[in-house]
There are 2 protein chains.
Amino acid sequence: MSNFVTHLSQDFNNLGVIFMDTNFDKKNFIENFKHNCNRVQIKKFLKGETVTTYIEKRNQICIVISGEIDLIRYDFNGNKTIIGHFVDDDVFGEAFYPANTNNELFAIARKNSEVLFFNYDSLFTKCKRNCDFHKTLTNSLSELFLDQIISLNLRIELLTKRNIRGKILSYFELLSKSTLHRTFILPYSYTDLADYLSVDRSAMMRELKLLIDEGFIKKNGNKITLLY
Amino acid sequence: MSNFVTHLSQDFNNLGVIFMDTNFDKKNFIENFKHNCNRVQIKKFLKGETVTTYIEKRNQICIVISGEIDLIRYDFNGNKTIIGHFVDDDVFGEAFYPANTNNELFAIARKNSEVLFFNYDSLFTKCKRNCDFHKTLTNSLSELFLDQIISLNLRIELLTKRNIRGKILSYFELLSKSTLHRTFILPYSYTDLADYLSVDRSAMMRELKLLIDEGFIKKNGNKITLLY
DNA sequence: AAAAAACTGTTGCAAAAGCAACAAAAATCA
DNA sequence: TGATTTTTGTTGCTTTTGCAACAGTTTTTT
């Protein structure tokens, strides 16, 4: 096919995997991890259930096997912020947070989900004796962490945009790139999208309307089309 | 001394190292890396010099040996945003960014600095044959990445605060914790602090004045004291 | 199938933040 | 040291964003 398509496909891969020339297969790694290491735990969660709270689980690391998990903060005014949104193969957990932030964070299953838990420390101590798989583990972990850094940097890109319009458009751009289409379905309700972009919902809706009126986007329910 | 002080000291360590019970010594690791691996490059930069641009260096990873590096974005309106601020032992580089973001990013030395460069791929291929040190490398890298994730999460915490006051106070809180004092020196000029918090400078100054008038903080040049 | 809950779309008004501009102070340069 | 550049502190005005409220949909629960 055309170079154009090839080029796009590469970008698409990069969003998840990034390094074309390393042959790290995340899915495969996680499968192996799940079956070959006796220090991990798999749990299932129904939509709405609390997966974990970020309290005194200093070395806990979680990997999303399937489903979607949100990391949520409620500040003292009751404002909800979606701090993070995790899908297949993403890592999260208190290990990634500094001790003693004043906030209470909750990881909530947005859909029915399956999550792998392990203790970061135990990997490097107890596990060593029991788990053959251990040798390649740290290597793969650093790939996983690297991916996580990339997605956090993306998030920061969004959040540093100076106004609501900038945030919305950056986010849409992102979705457009990762789906390879100018039309895509939002993975969030508008209520949650506002929380994710850290802006007021009504202000966001107003801005969306402006974007429609000015001909930048088309919107049908939660289906968005970029027109520029 | 009191439990209180002990408690604080632990927090302080956690900001940098996080895992009290793993004996990973970042400084030591980087020293070894520098001397024992022939795939790394060390360069010195004068204040204001460009360390690297994030263009087509897909696998480049950099570690700050000494000094301070800012990662800067200029958007099409000419707005400057400080996307990241890196100090001793921090990692940065295009490897941590998704391919094809529309932005041009620049890493600029804020002070005279020394930076270690390496190519992520080469570590896992060519280096293997030449470098004894390689065995422990990936393990250490994942620790380094983990620290980076923690500091990115902190950044996101700041940026998701809903107003300027929230951002300022969170940031000050952070400095206070990491210095163990209610009085501390800002590492930024106020101009740059505004860029870092992604807000307008004059609006930030106005908010600072309000915080002073309302008795929350004291300010003397770039020395801040928290009074609450 | 009815009732309850959550989400969408919208608005007027209030508050916060951004913009532009400028004088004074501080830092840097030559 | 004196000149130049950058930073600080401030303000009036404009724009953007947030808040509160409510009616109409849609989704979920019972």
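We use all heavy atoms of the structure for the numbers below, so side chains are in, but hydrogens, waters and symmetry mates are not. By convention in this document, chain letters (A, B, ...) are assigned in the order of the sequence lines, proteins followed by strands, and residues within each chain are numbered from 1.
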From D:dG18, D:dT7, C:dG18, pick the nucleotide closest to the side chain of B:T191? D:dT7
Of the listed C:dT10, C:dG18, D:dT7, the closest approach to the A:M205 side chain comes from C:dT10
Side-chain donor-acceptor pair present, A:S170, A:E157, cut-off under 3.5 Å: no
Between CG of A:L186 and P of C:dC7 the distance, given in whole Å, is 14 Å
Which one, C:dC19, D:dG9, D:dT28, comes nearest to the side chain of A:K47? D:dT28
Should A:K80 and A:D192 count as an ion pair when the cut-off is N to O under 4.0 Å? yes
Roughly how many Å is it from CG in B:L211 to C1' in D:dG9, rounded to a whole number? 15 Å
Using a strict cut-off of less than 4.0 Å between a Lys/Arg side-chain nitrogen and an Asp/Glu carboxylate oxygen, indicate whether B:E49 and B:R110 qualify as a salt bridge. no
Over how many whole Å does the gap from B:L193 atom CG to D:dT6 atom P extend? 20 Å
Return the value, rounded to whole Å, for the distance between atom CG of A:D195 and atom C1' of D:dC19. 15 Å
Which sits closer to the 5' end of DNA chain D, A:N163 or B:Y188, going by the nucleotide each is nearest to? B:Y188
Report the distance from atom CZ of A:R162 to atom P of D:dT15, rounded to the nearest whole Å. 19 Å
For A:E207, run the salt bridge (charged side-chain N to carboxylate O under 4.0 Å, His left out) check against A:K167, A:R201, A:R165 and tell me which one passes. A:R165
Students often get this wrong, so: under 4.0 angstrom with heavy atoms, is B:K167 touching a base, only sugar-phosphate, or nothing? nothing
For A:D213 and C:dT11, what is the distance between atoms CG and P respectively, to the nearest whole Å? 11 Å
Taking atom C1' of C:dT10 as reference, at what distance in whole Å does atom CG of A:D200 sit? 13 Å
Calculate the interatomic distance between A:L208 atom CG and D:dT16 atom C1'; express it in whole Å. 15 Å
If you measure only the distance, is there a donor-acceptor pair under 3.5 Å linking the side chains of B:T183 and B:T225? yes
Within the pair A:K219 and C:dG9, is there a side-chain N or O less than 4.0 Å away from OP1 or OP2? yes
With a 4.0 Å cut-off on heavy atoms, is B:R165 in touch with a base, just the backbone sugar-phosphate, or nothing at all? nothing
OP1 or OP2 of D:dT8 under 4.0 Å from side-chain N/O of B:K209: no
Below 4.0 angstrom from OP1 or OP2 of C:dT10, is there any side-chain N or O of A:S202? no
Between the base of C:dG18 and the side chain of B:R201, is one N or O donor paired with an acceptor at under 3.5 angstrom? no
